[in-house]
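The structure appears right after this line, and notes come after that.
In this text, all values refer to a predicted model and were calculated from it rather than measured experimentally. Proteins come first, then strands; the chains are lettered A, B, ... in the order of their sequence lines, and each starts at number 1.
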Amino acid sequence: MCPLKVKMMQYNHKDIEEYWQKYWAENKTFKSKNPPPLGELEGAPKYYVLDMFPYPSGSGLHVGHPLGYIASDIYARYKRHKGFNVLHPQGYDSFGLPAEQYAIQTGQHPAQTTEENIKTYRKQLDKIGFSFDWDREVRTSNPEYYKWTQWIFIQLFNSWYNKDSNKAEDISTLISLFEKQGNAKINAVCDENILSFSAEEWHQFSDSKKQAVLLQYRLTFLSDTEVNWCPALGTVLANDEIINGVSERGGHPVIRKKMTQWSMRISAYAQRLLDGLSTIDWPQPLKDSQTNWIGRSQGAMVEFPILSFPKGEENTSKGYLTGGNNAHLLQEKAKEMRANPTQAEAILWQQLRGKGLGYKFRQQHLIDDFIADFVCLSKKLIIEVDGKIHDFQQEKYAERTQILENLGYKVIRFTNEEVIGNLDKVLETIKLNLDQAPLSFGKGLGDRISVFTTRPDTIFGVSFMTLAPEHELVSKITTDEQKAAVKNYIEVTAKRSERERMADVKTVSGVFTGGYAEHPFTKKPIPIWIGDYVLAGYGTGAVMAVPCGDQRDYNFAKQFGIEIPNIFENLDISEAAHADKEGTVIANSDFLSGLSYKKALQKAIESLEENGFGYGKVNYRLRDAVFSRQRYWGEPFPVYYKDGMPQMIDEKYVPIVLPEVEKYLPTEDGKPPLGNAEVWAWCTKTNSIVDNSKIDNTTVFSLELNTMPGWAGSSWYFNRYMDAKNPTEFASKEALNYWKEVDLYIGGSEHATGHLLYARFWQKFLFDRGFVPVEEFAKKLINQGMILGESAFVYSWNYNNLDNPPNKKTIFISKNIIQKSISEKSILVNGNKDIDDLSFGIKILISNTEWSHFNPIHVDVSLVNSSDELDIEGFKNWRPEYKDAEFILENGVYKVGREVEKMSKSKYNVVNPDDIVAEYGADALRLFEMFLGPLEQTKPWKTSGISGVYSFLKKLWKLYHSGENGTFYVDNSPLLEGLGEALKVLHKTIKKVEEDIENFSFNTSVSTFMIAVNELTALQCNKSSILEPLLILLSPYAPHITEELWSKLGHTTSISTAEFPKFEPKYLVESTKIYPISFNGKMRFTIELSLDLSKEEIEKEVMSNEKTIAQLEGKTPKNVIIVPGKIVNIVG
RNA sequence: GCUGAAGUGGUGGAAUUGGUAGACACGCUGGACUUAAAAUCCAGUGAGCAGUAAUGCUCGUGCGGGUUCAAUUCCCGCCUUCAGUACCA
């Protein structure tokens, strides 16, 4: 017989898979149309299946990576069988750190290494037989792609968040509001400490001043922010890129540093990101961690005026400069006003200057973002004189007063007429107010401490305050006596690393500053402490400590002997704080006494607001996201700088293509790598990138040197796939409206707070601006579990640690010998001939064997077979330092130890899918990955198990090759008679597989296929009416073998769009049931009975059965439970 | 600490409107085929006890309770493991 023919008759995965992969690629079998043209899939519903964007790393895939891809591919193929128009694309998140690190080390352009990595990656993917539409491939590092990333950035820059309409709007709507009414009434998400201005003022602002103001409102903005600077990587990192205080990539230390950075105003969307979670079908743990990350807490801001002020320090440290963040913009104005006082102002100033009333006054002084006419800082008293010079501010007096009062100032106001006409009365009033001013504890600093609290109901329980050591007020309020202690404490805490601080949460530490604040209600002085349990980065970096209601405050108070007032009715707080809210009744709290937690909370906030001590506030943990990276391999910003202000390049001229540089490192003067570029300037005349030498700051300007972070490109890619090659839009309206959103998104849970939060943010933004039709980009999301590796170990005997090692040779002892010796509590050498033969052994071993006598060494799993036997020669070649080692064998082989660990190169437990495909085929790999267990679960990989699915495929092949000598044969006769059993098997399988796929329970459907093939083999079924539908069921899982058999059945087109078989319940109708007969709930035997029988008839049958009689031993049962079709239980 | 997920044979796992625990597979044991090995096929395989055997009995889904005719499934209390988060005021 011709050997080739024999080969063809057997299941040959290699030929089959190569053939069909080529066929799919050539015929573009999986190309998706948007929307499908008439006649083709007409009226078919759409379905969008997406895998999380892969970064093409240089080390390639291991078997854990394709798990999610296989699951999504099965689902995509299933949906095609179900008649859907399926979009199932793939691409690369190809900007990123590893390529750049590699470039720094080798000088190779990151684009080049990225290209190579993608090739490897693609080759690996192709071998697994995915049904991707590769015509839609995208790469974030392609200018045709990042053109649109830059475009979105421009849209963000040109947008602000209107809290009234609760959405992002074009910046032009903000400008027109400014022009009409100034900014007082604008309810926007913006920077804190915004300069207040009128429409007139706005018109008077210079262009750059206008730009500066607008920047405070834009959704992406430039600001000096505390960033996480990683010196080792030479870049800033986002919060989610830091794990345990070190960088996620590389594990380098991270420090806090102030830098000018682009930021994204994601905080504008905090509430909507939270609310949106209830509308999407995502795993609860993922939603929980987003909820957690956003960290909404409802409470109140409370202001505590600072009382004490150390002697002799009143005027040092520029304490009199009380201007806000925009002080530099107002200084000029204030100077001008000082030089040109009104008549009334001049008169009054004559009286107030030089401590005329006993206190120092300042004129035309900046308070936050306002210019106060006269102010006594030590008494926090502001005197305003209404005059013509203030006309442009008049309409906003009320707001202005409110804000100043919130800052702790008292504002009194006189008209010009009062000052000029009745100066004595005016001075009288001022004196009265100076005497009444609330500051009783020495002279006031003119400052206050704001705290955020979720428990304003416990405000009467405050007995101290704690500031973060980094708090800016610490140096100002610390008294001379405490100065040394405070300084020392700050130094010590600054030195403690994040890690230490986290590891040690038990130790209570802190120092008294010597300063006091005033309780807003009781007016009692409250000592101000610093302590490192208060975080500078959360809330205001200060807490009002309520020791009776918060355990940390309690511990702190106990530690330092601070009073712990009890403000809870009938609750003992002698041992611990009472943090529970429910059922708590407030006591000893003035107007809050006797109220429940909820009522007290409400009343406290009302009272704070009435008295101007604070206001109700919702606080979010979510910070605005830093968007600049000091890296080369990322999207350049479409930004140049004119007079220090950022300017957007018009969207007509993007992409701004990444320039060539000689070195990928930061420049010598510390600029980002783009600082090395020689052609990196923007000419506003030609609208092109020109040589740096042409920079003249009139028409040619320098371009932004930072690049965008890794999450920029991945925050919108799912939209690009809908229309991947569109040169004029990021995706056409038609495509966006057709595909709308991802229906199924599969990926790892590690993206919970990074990619998935930012992508939702951008999608909401694009939705607000009308660019996309849906607010959430992914309807359903599944996290696939991790696949763990099975590490292998050899055990080297560390007898060298013992006295007088006779021999330097390494000795490896087979695992079970050690195991046996340990379990028998014996000395290793006894009774083992091999070891006894090593002449040195006996002398040195005196103690019983323990695992600690051995060093486990990782061995490459490829050197171990499925029975855990080591390839000793292979091992010696792999690790030449052990080429002379001795191996003590058991039954002639060396058995390794096994342990389940994360798959990683360093543990030598990585299994490459290419090897699996070569040996067993892609279909076997796909089936096995699914068979391992539930998709979402973490599970160990064990290559030996793959033989199960491989023999399943061979059995399946055989079903279709029942001809002579295993040739292909199926019976095409249409007669259905006598097929009862086979039809039952088929329809049972259809039902189960369909249910399983819909529930993403892929492991159980693989079992179902195995059962079906086992049963059909037993039935010797060769009918095409059974075997053909079976192929369609299986084809999503094992597409190659099913295509092959499908074509052998005579089909000339791909199986991929064959209609999924319809489940017919009629074939599963049974006439009898094998009833389990239980006695007291324990099954004893079964009886086959007709399903037509009534309860009474069943009971009669069962009770008369001889087995029942034997089981009862003559006793009469108390009760007989009969559930027809299910069970019989006899209770005795 | 908090949040979430999960604990079932030697292993991966199956079974929940409460109704025959351990499907399917790996591994292991024995057998067939072979000079031999691989491959393939057949049989057995939760533990314990009794019996030559057929078979029977007892225990058994992390632990302790509870509800029920019946609990891996529901309720209460605990333990352990894994993941995320971390002094969030």
Side-chain angles (χ1 to χ4, degrees), chain A residues 10 243-245 283-289 291-293 295-297 299 451-455 458 465-466 468 498 501-508 531-535 537-546 549-553 555-556 579 619-621 749-750 752-753 783 785-786 788 790 866-868 898 900 927-928 931-934 936-949 951-952 954-955 958 1001 1003-1011 1014 1074-1086 1117-1123 1125-1132:
Chain A
Q10 282 170 349
I243 313 284
N244 293 332
Q284 198 54 44
L286 197 156
K287 288 188 185 181
D288 289 346
S289 64
T291 305
N292 221 323
W293 191 263
R296 182 185 202 272
S297 49
V451 301
F452 175 73
T453 176
T454 54
R455 297 291 305 273
T458 63
M465 302 187 75
T466 317
E498 282 283 329
R501 231 163 124 163
M502 275 182 323
D504 177 27
V505 293
K506 293 265 149 64
T507 316
V508 176
D532 68 1
Y533 80 97
V534 178
L535 304 175
Y538 183 75
T540 60
V543 299
M544 58 173 229
V546 183
D550 182 288
Q551 194 56 46
R552 289 157 308 167
D553 296 342
N555 295 345
F556 198 88
N619 213 31
Y620 297 92
R621 203 181 74 129
S749 54
E750 68 273 18
T753 48
N783 286 133
M786 209 194 324
L788 302 173
E790 205 195 15
S866 62
S867 306
D868 293 347
R898 291 287 204 174
V900 170
L927 283 168
F928 186 54
F931 189 61
L932 280 176
E936 299 93 331
Q937 209 165 292
T938 303
K939 48 211 173 266
W941 175 271
K942 220 175 168 178
T943 304
S944 59
I946 203 168
S947 64
V949 292
S951 57
F952 157 75
K954 285 191 281 192
K955 276 188 222 166
K958 266 193 195 158
S1001 175
N1003 55 326
T1004 49
S1005 43
V1006 178
S1007 303
T1008 306
F1009 290 127
M1010 289 174 170
I1011 293 167
N1014 288 347
I1074 299 169
Y1075 278 93
I1077 311 300
S1078 310
F1079 291 81
N1080 294 320
K1082 283 171 195 143
M1083 204 277 287
R1084 291 302 175 207
F1085 54 87
T1086 55
K1118 281 187 200 144
N1119 196 4
V1120 179
I1121 310 280
I1122 293 163
V1123 185
K1126 286 228 158 148
I1127 199 171
V1128 177
N1129 191 15
I1130 297 164
V1131 187

Separation of [N] [atom2] from [X] [atom1] (nearest whole Å):
{"X": "A/Arg621", "N": "B/C87", "atom1": "CZ", "atom2": "C1'", "value": "12 Å"}
{"X": "A/Phe1009", "N": "B/A25", "atom1": "CZ", "atom2": "P", "value": "14 Å"}
{"X": "A/Arg455", "N": "B/C88", "atom1": "CZ", "atom2": "C1'", "value": "15 Å"}
{"X": "A/Tyr533", "N": "B/A89", "atom1": "OH", "atom2": "C1'", "value": "8 Å"}

Would you mind classifying the nucleic acid contact of [X] as base, sugar-phosphate or nothing, using non-hydrogen atoms under 4.0 angstrom?
{"X": "A/Pro934", "value": "sugar-phosphate"}
{"X": "A/Asn1003", "value": "sugar-phosphate"}
{"X": "A/Lys954", "value": "sugar-phosphate"}
{"X": "A/Gln937", "value": "sugar-phosphate"}

Check: Does B/G1 pair with anything, Watson-Crick or G-U wobble, both distances under 3.5 Å, and if so, with which nucleotide?
Finding: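 For B/G1, the partner nucleotide comes out as B/U85, under the 3.5 Å rule.
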Checklist line | Base paired to B/A43 (Watson-Crick or G-U; both N/O distances under 3.5 angstrom) | finding: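 B/A43 is paired with B/U29.
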Margin query: Strictly below 4.0 Å: does A/Lys1082 bring a side-chain N or O up to OP1 or OP2 of B/A70?
Written below: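 It does not, given that no N or O in the side chain of A/Lys1082 lies less than 4.0 Å from OP1 or OP2 of B/A70.
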Check: Does A/Arg552 make a side-chain N or O approach to OP1 or OP2 of B/C88 shorter than 4.0 Å?
Finding: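 Checking B/C88 against A/Arg552, a side-chain N or O does come within under 4.0 Å of OP1 or OP2.
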Provide the distance between the two [atom1] atoms, one in [N] and one in [M], to the nearest whole Å.
{"N": "B/A32", "M": "B/C82", "atom1": "C1'", "answer": "46 Å"}
{"N": "B/U67", "M": "B/U73", "atom1": "C1'", "answer": "14 Å"}
{"N": "B/C74", "M": "B/A23", "atom1": "P", "answer": "23 Å"}

Notebook entry, point to check: Of all the choices, B/U40, B/C57, B/U17, which nucleotide is nearest to the side chain of A/Lys1126 once you look at every atom?
Noted result: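 The listed nucleotide nearest to A/Lys1126's side chain is B/U17.
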Note to self: Both A/Pro285 and A/Lys958 contact RNA chain B. Taking the nearest nucleotide for each, which residue is further toward the 5' end?
What the structure shows: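 Closer to the 5' end of RNA chain B: A/Pro285.
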Note to self: Quick check: on RNA chain B, is the nucleotide nearest A/Met786 upstream (toward 5') of the one nearest A/Ser1001, or the reverse? Name the residue that is more 5'.
What the structure shows: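 With A/Ser1001 and A/Met786 compared, the 5'-side residue is A/Ser1001.
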